[in-house]
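Notes for the one structure printed next.
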Protein chains: 2
Amino acid sequence: MTMSNTGGRRKPPTIHDVAREAGVSRGTVSRVLNGGHYVSPAAAEAVNAAIRRTGYVVNRHARSLITGRSDSVGFLLTEPQERFFEDPNFNVLLRGCTQALAAHDVPLLLMLAGTDDERRRITRYITAGHVDGVLLVSSHSGDPVAEELRAAGVPLVACGKPIGLGSKVSYVAADDRDGARDMVRHLLGLGRRRIGVVTGPLDTPGGVERLAGYREVLAEAGVEEDERLIVSGDYSRASGESAAERLLGRAPDVDAVFVASDLMAQGVLAALQRAGRRVPEDVAVGGFDDSPAAVAVSPALTTIRQPWDRISAEMVRVLLAQIGGEETAAVILPTELVKRASA
Amino acid sequence: MTMSNTGGRRKPPTIHDVAREAGVSRGTVSRVLNGGHYVSPAAAEAVNAAIRRTGYVVNRHARSLITGRSDSVGFLLTEPQERFFEDPNFNVLLRGCTQALAAHDVPLLLMLAGTDDERRRITRYITAGHVDGVLLVSSHSGDPVAEELRAAGVPLVACGKPIGLGSKVSYVAADDRDGARDMVRHLLGLGRRRIGVVTGPLDTPGGVERLAGYREVLAEAGVEEDERLIVSGDYSRASGESAAERLLGRAPDVDAVFVASDLMAQGVLAALQRAGRRVPEDVAVGGFDDSPAAVAVSPALTTIRQPWDRISAEMVRVLLAQIGGEETAAVILPTELVKRASA
DNA sequence: CTGAAAGCGCTTACAG
DNA sequence: CTGAAAGCGCTTACAG
């Protein structure tokens with residue numbers, strides 16, 4: 001009575017069918033499948049033809065059982081999920097990784113570890129060898145997952161420098177500090193001298209590094225640092241809004257703000273507008289990310305572009321290399337200043 | 001010299017180790033693993049203790065090889081990816097599905113089929129049995145993937161009604177038509193009579209159904225239909241903006257607009273503002289989705305909430321049931337009017 | 001270059 | 001209720 005499987009998933013052809021069809025042994029078929037070494041051209045051709053005729057597709061489970069590899073990788077998100085799922089960068093990263101992996105015929109398993117319970121289950125799953133490696137997105141320090149996986153010897157590449165783990169874990173990151181420097185120099189170049197900053201969380205590399213870049217440039221330029229100009233947010237739009245209110249209260253003479261994310265900059269813009277300040281005339285605003293939010297907003301945001309497509313491609317490259325036995329590596333990619341209307 | 005794998009992935013314990021540890025046969029261990037039927041309480045307890053002591057985790061590849069199931073499902077996106085990756089609903093859906101699946105210990109493979117080439121490869125991968133079923137996100141008609149997978153007998157649940165496939169494919173959808181009716185009734189209740197509509201693409205169920213709801217309510221209310229009040233977009237912000245410009249040109253006396261997505265409504269708001277119309281005083285605007293954009297915008301959008309958390313949960317439930325042998329099913333979930341400032 | 005054979009770790013009738 | 005055994009589809013030394 002079951003209609004759902006009408007159409008029927010008939011038993012797919014195996015290596016045995018291909019061997020019979022090609023008139024060779026199964027070993028030879030397998031050799032063709034695995035690179036074609038030690039196979040005569042004639043045999044290889046016969047096998048390839050047989051594969052085409054039969055529509056053969058390798059059974060990955062059988063292969064994995066014997067090789068001990070899964071030929072798949074995990075994309076692990078350990079953020080409290082709400083926030084990062086709202087971050088447009090996440091989509092770009094996830095899509096880029098999926099595509100880069102697909103080019104190598106490697107499936108991506110999406111894993112969410114928001115709660116301790118999920119974390120335990122996923123760590124267990126990963127260390128049991130069900131994926132060959134992990135792309136890790138987790139910017140907060142104190143996240144135990146990275147350390148657990150590293151200790152278990154699981155190939156691992158983090159997005160952004162994992163605070164506390166130094167270079168024991170591979171990572172790919174944009175040059176946050178340099179991007180911040182570029183933006184603050186740009187604001188100085190506009191003649192602004194009372195430049196505020198809305199930082200990200202200071203337990204994330206982006207939070208720390210972008211603030212560091214801000215300080216460096218001001219020091220170089222001989223502009224005296226003023227703690228009242230430094231406020232923190234958590235990368236959310238709402239936190240940008242309240243940070244800007246604090247900033248305005250503490251330093252009403254502020255004439256520019258470098259905001260560590262476009263999402264927060266959206267909030268800053270709203271607060272500035274409500275306070276009757278014109279952007280960029282009264283206060284210039286610079287963001288960070290070049291996310292879709294940067295152009296959705298009015299005035300459009302001058303911001304720092306992070307090379308997300310390159311980041312995802314590099315993460316995949318480094319992970320695959322590490323799975324292949326190479327050592328860990330850190331890759332730092334340059335950012336780019338994108339000038340629009342807000343500064 | 002390789003540092004990457006220090007820490008070492010030692011060979012994990014197998015069912016054989018557990019059997020030895022528990023003093024039973026491997027068959028008995030397997031029976032405990034698979035539901036504990038036909039196992040004495042004493043044996044079950046010994047096995048569970050041995051599993052705990054050894055830290056045993058089942059090797060899914062070995063299991064899959066023999067059962068013919070993969071115990072994993074694919075999440076397949078066939079949209080031209082750019083658009084949907086910008087859609088905030090996508091994140092909610094993806095997260096919900098991942099979590100619902102994780103609760104059943106079923107990994108989710110993310111699959112992107114934006115190009116014909118990717119489509120072919122993925123179809124092949126799926127029909128080869130590498131996943132047990134597919135959660136399909138593809139709203140445009142004429143998408144061949146759904147039909148191919150259905151024909152191959154792959155368990156399949158679509159998000160939204162797949163146009164053209166009728167009920168031969170399971171799907172879960174919000175009640176688009178009813179949601180549209182609620183919104184238009186609300187606008188009528190505000191005293192508006194020149195109500196425009198910005199539809200979605202008319203080869204998507206959301207495009208068709210939301211327009212149908214609009215027409216039904218106007219007809220019921222005895223308001224004469226006016227083709228000049230009907231314009232189409234493609235769910236993007238930009239298309240909303242240009243649709244609103246067209247609408248304003250064709251029907252300058254418009255006093256309300258029902259927009260088929262919040263993202264488009266953002267664009268409509270921008271166009272209205274530029275044209276000097278106040279919202280909601282001159283023109284009331286109603287959106288659809290209750291996405292983050294709805295509250296990010298000013299004035300905050302009155303909109304129709306789609307129950308995305310329920311949608312993802314139901315998609316997973318129906319897919320798992322279908323993998324278990326049940327017939328196809330369609331699930332329609334109610335929407336909810338969320339009143340804010342724009343209407 | 002090629003075939004025969006062992007074996008990866010599991011599940012599932014089959015006897016008992 | 002339980003054990004012994006076959007077998008899922010593949011890869012990989014091992015002989016030749």
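Both backbone and side-chain heavy atoms feed into the values below; hydrogens, waters and symmetry mates do not.
Counting only Watson-Crick and G-U wobble pairs whose two distances sit under 3.5 Å, DNA chain C takes part in these stems of three or more pairs: C:1-3 with D:14-16, C:5-12 with D:5-12, C:14-16 with D:1-3.
Residue pairs satisfying the salt bridge (Lys or Arg N to Asp or Glu O under 4.0 Å) criterion with at least one member in residues 39-58 of chain A, sequence neighbours excluded, are listed as follows: A:E21-A:R53. Listed by first then second residue, pairs satisfying ring-ring contact (aromatic ring centres under 6.0 Å, His included) with a partner in residues 91-126 of chain A read A:Y125-A:H130, not counting sequence neighbours. Applying the salt bridge (Lys or Arg N to Asp or Glu O under 4.0 Å) test to pairs two or more places apart or on separate chains, none has a residue in residues 122-131 of chain A. For residues 22-39 of chain B, no pair satisfies salt bridge (Lys or Arg N to Asp or Glu O under 4.0 Å), with sequence neighbours left out.
Considering CD of B:Q99 and CG of B:L94, their distance stands at 10.0 Å, rounded to 0.5 Å. Expressed to the nearest 0.5 Å, how far OG of B:S25 lies from CZ of B:R20 amounts to 13.5 Å. If you take CZ on B:R95 and CG on A:L112, they are separated by 8.0 Å, rounding to the nearest 0.5 Å.
Residues passing the side-chain hydrogen bond (donor to acceptor under 3.5 Å, both in side chains) test with A:T14, sequence neighbours excluded: none. Listed by chain and number, the residues in a side-chain contact (heavy atoms from CB on, under 4.5 Å) with B:I66 amount to none (sequence neighbours excluded). For B:S64, there are no side-chain hydrogen bond (donor to acceptor under 3.5 Å, both in side chains) partners two or more places apart in sequence or in a different chain.
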Sequence neighbours left out, cut at 3.5 Å: what donor-acceptor pairs do the side chains of residues 32-42 of chain A make with other protein atoms?
{"unit_1": "A:N34", "atom_1": "ND2", "unit_2": "A:S30", "atom_2": "O", "d": "2.7"}
{"unit_1": "A:N34", "atom_1": "ND2", "unit_2": "A:S30", "atom_2": "OG", "d": "3.4"}
{"unit_1": "A:S40", "atom_1": "OG", "unit_2": "A:A43", "atom_2": "N", "d": "3.2"}

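Of the residues in residues 15-34 of chain A, those placing a heavy atom less than 4.0 Å from an atom of DNA chain C are A:V24, A:S25, A:T28, A:R31, in numerical order. Using a 4.0 Å cut-off on heavy atoms, none of the residues of residues 47-56 of chain A approach DNA chain C.
Straight-line distance between the P atoms of D:dC14 and D:dC10: roughly 24 Å, to the nearest whole Å. D:dG16 sits 16 Å from D:dT12 when the C1' atoms are compared, rounded to a whole Å. Here, D:dA13 and D:dG9 have their P atoms 23 Å apart, quoted to the whole Å.
In this structure the side chain of B:D105 reaches within 4.5 angstrom of the side chain of A:R121, judged on heavy atoms.
Nearest-nucleotide positions on DNA chain D place B:A42 closer to the 5' end than the other of B:A42 and B:L65. Comparing B:R63 and A:Y38, the nucleotide of DNA chain C nearest to each residue sits closer to the 5' end for A:Y38.
Residues A:E147 and A:R150 are paired through a salt bridge, judged by an N-O separation under 4.0 Å between the basic side chain and the carboxylate.
Chain A approaches DNA chain D over the interval D:dG9 to D:dA13, counting the first and last nucleotide 5' to 3' with an atom under 4.0 Å from its heavy atoms.
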